[in-house]
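Below: one structure, written as structure tokens.
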Amino acid sequence: MILKLSLMFYLLFVSYCFCEECSLHYKPIPESKKQLLNRISLLNSQRFVVVDKGFTYAVTICSEVSKNYPNAAAARSFNTDKNTTVIGRLNDTHIVGGSDWILLTYASGDVLNHTDHGHNKSITTSLMITCNRESDQTLFLLEDDDIEGDCQVTFSLRTSVVCPNNPKGLSGGSVFCVLLLTGAMMYLIIGVAYRRIMTGAQGLEQIPNYHFWRNLGNLQADGCDFVCRKGAGRDEPWNRITSNFNDPADEPLLHP
């Protein structure tokens, strides 16, 4: 029994350690590339299918599209043909990206020996993953240049996975400034209208609480002077002693 359990644990460990994933050609892998892979980790093992002009395309994110085709991350088949062409492998992956997009490229696809298709070059699949918060994950086939002889297949995947964490919009500080400015404008407009219509004020007297705002600067100066300069004119004890030496009232006492 113990032997069977050990064997099962070993098989699980081996299967876990040798699971397929995107293999980048960097030694060591730069931290920026690791971050890009982590951003699309939620898409790992997902399979997307597109049908176009009689061809069926299957694309996966850092996983095999079929167990029958090792390392195949993208495949193409014709509806009337059972043969499948691997158009990109995950063990030859390249990745670049920005704040709201990632370009994932699978190279080392099958080599077509026909002279009018691919020119004996391996097929490459490019998957442009862009940010889209409003809709579900959607895959589009942009162009299959392999049919034209350029050995390049391009897809577009729209998903919210690669969107920045901070949604676009005003920050808390910006909202506070807008509310403060709006309140000040409403105070000024309504106050001027009230004083002009109801009290008949003219000129600067139309400003609401005009005398308060006029004296506000003086009040601030007085407060600053009281807090920051309090006791600045106070005499020290030694200063009072030395100042008494020059008292004119003591001058007759110094002469016989």
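FYI, the numbering just counts along the sequence from 1.
- A donor-acceptor pair shorter than 3.5 Å cannot be found between the side chains of Q206 and R195.
- Taking the side chain as every heavy atom from C-beta outward, Y187 and T182 never approach each other to under 4.5 Å.
- Two residues are said to be in side-chain contact when any heavy atoms from C-beta on lie closer than 4.5 Å; I29 and L37 fail this criterion.
- V50 and F78 fall within a single hydrophobic cluster, where Ile, Leu, Val, Met, Phe, Trp and Tyr are joined by side-chain heavy atoms under 4.5 Å apart, directly or via other members.
- Here CG of L141 is found 5.0 Å from CG of D52. Values are rounded to the nearest 0.5 Å.
- By the rule that hydrophobic residues join a cluster once side-chain heavy atoms approach within less than 4.5 Å of another member, V86 and V111 end up as members of separate clusters.
- Aromatic ring centres of F140 and F155: separated by at least 6.0 Å.
- A salt bridge is absent between D100 and R133; no separation between the charged side-chain nitrogens and carboxylate oxygens falls under 4.0 Å.
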Go through it in stages, so that I can follow the logic: the residues are I123 and V153, the test is side-chain contact (heavy atoms from CB on, under 4.5 Å), and I'd like the CA-CA distance, side-chain angles, deciding distance and then a yes or no. CA-CA 8 Å; I123 307 174; V153 184; 4.1 Å; yes
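- Cluster membership for L90 and Y69, using ILVMFWY side-chain heavy atoms within less than 4.5 angstrom, is not shared.
- Taking each heavy atom of I61 and L43 in turn, the nearest pair found is CB-O, 3.3 Å.
- You'll find the side chain of L104 reaches within 4.5 Å of the side chain of I40, heavy atoms only.
- I190 contributes atom CD1, which lies 11.0 Å from atom CE of M185 (distance to the nearest 0.5 angstrom).
- The heavy-atom pair separating S122 from C151 by the smallest distance is O-CB, 3.8 Å.
- Residue L188 is found in a hydrophobic cluster whose other members, listed by chain and number, are V192; membership requires side-chain heavy atoms under 4.5 Å apart, directly or through intermediates.
- Cluster membership for L42 and F48, using ILVMFWY side-chain heavy atoms within less than 4.5 angstrom, is shared.
- To the nearest 0.5 Å, atoms CD (E64) and CG (N91) are separated by 9.5 Å.
- Side-chain polar atoms of Y106 and N71 form no donor-acceptor pair below 3.5 angstrom.
- For the pair R76 and F55, the distance from NZ or CZ to the six-membered ring centre is under 6.0 Å and the angle to the ring normal is within 45 degrees.
- Note that CG of L157 is 8.5 Å distant from CD of Q46, once rounded to the nearest 0.5 Å.
- In this structure, A75 and V65 approach most closely via the heavy-atom pair CB-CG1, 4.0 Å.
- Counting all heavy atoms, side chain and backbone alike, C131 lies closest to V162 at N-CG2, 3.6 Å.
- Within a 6.0 Å sphere centred on CZ of F176, heavy atoms belonging to other residues, nucleotides or ligands number 12 at most.
- By the rule that hydrophobic residues join a cluster once side-chain heavy atoms approach within less than 4.5 Å of another member, Y57 and V49 end up as members of separate clusters.
- Listed by chain and residue number, D92 satisfy the side chain to side chain donor-acceptor pair (under 3.5 Å) test with S108 (two or more places apart in sequence, or in another chain).
- For T125 against I87, the heavy-atom pair with the smallest separation is OG1-O, 2.6 Å.
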Please report the C-alpha distance between N38 and K33 in whole Å, then the side-chain angles of each, then the deciding distance to 0.1 Å, and finally whether the side-chain contact (heavy atoms from CB on, under 4.5 Å) criterion is met. CA-CA 9 Å; N38 290 333; K33 303 295 182 181; over 6 Å; no
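- Of the possible donor and acceptor atoms, none in the side chain of T60 sits under 3.5 Å from a partner among the backbone N and O of R47.
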Is there a side-chain contact (heavy atoms from CB on, under 4.5 Å) between I102 and V96? Walk through the geometry before answering. CA-CA 6 Å; I102 289 179; V96 293; over 6 Å; no
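- Donor-acceptor pairing under 3.5 Å is recorded for the side chains of S126 and Q152.
- Within the model, atoms SG of C177 and CG of L181 stand 8.5 Å from one another, a figure rounded to the nearest 0.5 Å.
- A donor-acceptor pair under 3.5 Å is absent between the side-chain atoms of W213 and the main chain of I207, judged by distance alone.
- Proximity of V59 to L127: side-chain heavy atoms (C-beta onward) are separated by under 4.5 Å at one or more points.
- Here the straight-line distance linking atom CD of Q35 with atom CD1 of I95 works out to 11.0 Å at 0.5 Å rounding.
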Step-by-step side-chain contact (heavy atoms from CB on, under 4.5 Å) determination, I129 to L103: CA-CA 6 Å; I129 307 174; L103 177 61; over 6 Å; no
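- At distances below 3.5 Å, not a single donor-acceptor pair connects side-chain atoms of S160 with backbone N or O atoms of C163.
- For W101, there are no side chain to side chain donor-acceptor pair (under 3.5 Å) partners, not counting sequence neighbours.
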